[in-house]
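All values derive from a computational prediction rather than experimental measurement.
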Amino acid sequence: MSKKKRGLYLIDEILDYKQYNGQKYYLVKWQGYNNRDCTWEKPEKIPNLAQFLHQFEEKVKTFGSNFYHIENDQPPQLEDFIGAPTLSKQNQCQQQSEQINKLQNQINELKSEIDLMRKYQNNIVQLIQTSQQNSKCLQPNLQQDSEIIQESSSEQSQKYTEIKSQTEGGFEFGDQLEKIGQAVQTKEKREKMYYVLWQKRSNGIITKNRWVNSEYLMKNDIKSLCYYLQKKLQ
């Protein structure tokens with residue numbers, strides 16, 4: 001009913017009361033009007049409040065707190081009447097806030113990992129540059145080094161042939177990365193692990209996929225790892 005005209009009407013009874021932010025409100029039913037026309041009023045706006053409260057308490061004792069509930073004739077909710085968010089809306093806002101915080105934490109973790117990879121990449125570049133500078137200062141015995149290199153190459157070739165026959169995939173076996181399937185974080189060490197899929201070998205052997213850590217990928221294929229993390233941030 002219109003608040004401007006409510007002074008012209010008589011109070012029939014009090015149906016309910018609630019408290020919001022420390023302020024009490026009473027659900028007032030007006031004489032000659034349905035429940036849907038009830039209004040929520042502050043105590044100071046209700047004359048003879050003690051008398052109406054006594055009648056309300058007696059009805060609650062006799063019929064229960066839902067004595068005024070009538071199908072298709074429900075009074076307005078306090079939150080709607082005073083323009084406050086309902087409990088369901090508050091819960092929904094809280095859930096959305098928690099989801100946003102969770103996503104923000106995941107984004108921060110990915111950013112930290114990208115920063116770590118960039119730092120690792122810079123260290124590799126510095127090592128390469130240092131190695132190139134040192135190589136210019138060295139004057140090795142070519143014949144002796146040639147024999148050592150030939151012997152080492154023969155041993156490495158034999159080891160590589162033995163490793164190649166294995167079905168487990170890995171950069172150390174000469175395999176190429178197909179893609180990164182997914183990523184998880186271990187609970188104990190809180191270490192990031194990635195499930196990698198390998199390309200089919202030239203000899204037709206299909207290698208087994210495996211879980212590897214960030215350091216393994218940064219050392220062997222940092223570009224693929226950066227690409228995967230950037231896709232996750234999009």
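- Closest heavy-atom contact between N220 and Y216: ND2-O, 2.7 Å.
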If you apply the rule side chain to side chain contact (heavy atoms under 4.5 Å, CB included), what do you find for L229 with M117, and how did you get there? CA-CA 11 Å; L229 293 173; M117 283 188 301; 3.0 Å; yes
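- Within the model, atoms NZ of K219 and CG of L225 stand 15.0 Å from one another, a figure rounded to the nearest 0.5 Å.
- By the side chain to side chain contact (heavy atoms under 4.5 Å, CB included) test, E215 pairs with N213, sequence neighbours left out.
- Within a 6.0 Å radius of OH in Y228, more than 12 heavy atoms belonging to other residues, nucleotides or ligands are found.
- Applying the side chain to side chain contact (heavy atoms under 4.5 Å, CB included) criterion to I128, with sequence neighbours excluded, gives I124, Q132.
- In terms of heavy atoms, P76 sits closest to C38 at CG-O, 3.4 Å.
- Side-chain contacts under 4.5 Å among hydrophobic residues (ILVMFWY), followed directly or transitively, place Y227 with no other residue at all.
- Remark: L217 CG to L177 CG distance equals 7.0 Å, nearest 0.5 Å.
- Hydrophobic clustering places L116 together with I222 (ILVMFWY residues linked when any side-chain heavy atoms are closer than 4.5 Å, directly or through intermediates).
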Using distance only, find each side-chain donor-acceptor pair of residues 106-115 under 3.5 Å and give its atom names and separation, not counting sequence neighbours.
{"unit_1": "N108", "atom_1": "OD1", "unit_2": "Q104", "atom_2": "NE2", "d": "3.3"}
{"unit_1": "N108", "atom_1": "ND2", "unit_2": "Q104", "atom_2": "O", "d": "3.2"}
{"unit_1": "S112", "atom_1": "OG", "unit_2": "N108", "atom_2": "O", "d": "2.9"}
{"unit_1": "E113", "atom_1": "OE1", "unit_2": "Y194", "atom_2": "OH", "d": "3.2"}
{"unit_1": "E113", "atom_1": "OE2", "unit_2": "Y194", "atom_2": "OH", "d": "2.3"}
{"unit_1": "E113", "atom_1": "OE2", "unit_2": "S214", "atom_2": "OG", "d": "2.6"}

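- Between atom CZ of residue R190 and atom CD of residue Q185 there is a gap of 4.5 Å, rounded to the nearest 0.5 Å.
- Here salt bridge (Lys or Arg N to Asp or Glu O under 4.0 Å) pairs that include residues 202-211, with residues two or more places apart or in two chains, are E168-R210, E172-R210.
- Atom CG of L27 sits about 9.5 Å away from atom CD of E41, to the nearest 0.5 Å.
- Here side-chain hydrogen bond (donor to acceptor under 3.5 Å, both in side chains) pairs that include residues 117-129, with residues two or more places apart or in two chains, number zero.
- Remark: K24 engages Q19, Y26, P43 in a side chain to side chain contact (heavy atoms under 4.5 Å, CB included) (not counting sequence neighbours).
- Under the 4.5 Å side-chain contact rule for hydrophobic residues, I14 and Y17 share a cluster.
- Nearest heavy atom pair, residue Y25 against residue Y20, reads CE1-CB, 4.2 Å.
- Interatomic distance, L15 CG to K29 NZ, rounded to the nearest 0.5 Å: 7.0 Å.
- Judged by distance alone, with hydrogens and angles left aside, the side-chain atoms of Y9 form no donor-acceptor pair with the main-chain N or O of G32 at under 3.5 Å.
- Under the rule for a side chain to side chain donor-acceptor pair (under 3.5 Å), K179 has no partner lying at least two apart in sequence or in another chain.
- Side-chain heavy-atom separations under 4.5 angstrom define the hydrophobic clusters, and the remaining members of the one that includes M193 are V184, Y195, L197, W211.
- When the side chain to side chain contact (heavy atoms under 4.5 Å, CB included) test is applied to D73, the partners found at least two apart in sequence or on another chain are N34, N35, R36, I70.
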Acceptor/donor pairs from residues 47-68 side chains to any protein atom, 3.5 angstrom cut, sequence neighbours excluded:
{"unit_1": "K59", "atom_1": "NZ", "unit_2": "E13", "atom_2": "OE1", "d": "3.0"}
{"unit_1": "T62", "atom_1": "OG1", "unit_2": "E58", "atom_2": "O", "d": "2.9"}
{"unit_1": "Y68", "atom_1": "OH", "unit_2": "D16", "atom_2": "OD2", "d": "2.8"}

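- Here the straight-line distance linking atom NZ of K232 with atom CD1 of I180 works out to 10.5 Å at 0.5 Å rounding.
- Atom CD1 of I206 has 12 or fewer heavy atoms from other residues, nucleotides or ligands within 6.0 Å.
- Take K192 and apply the salt bridge (charged side-chain N to carboxylate O under 4.0 Å, His left out) test, not counting sequence neighbours, and it matches no residue.
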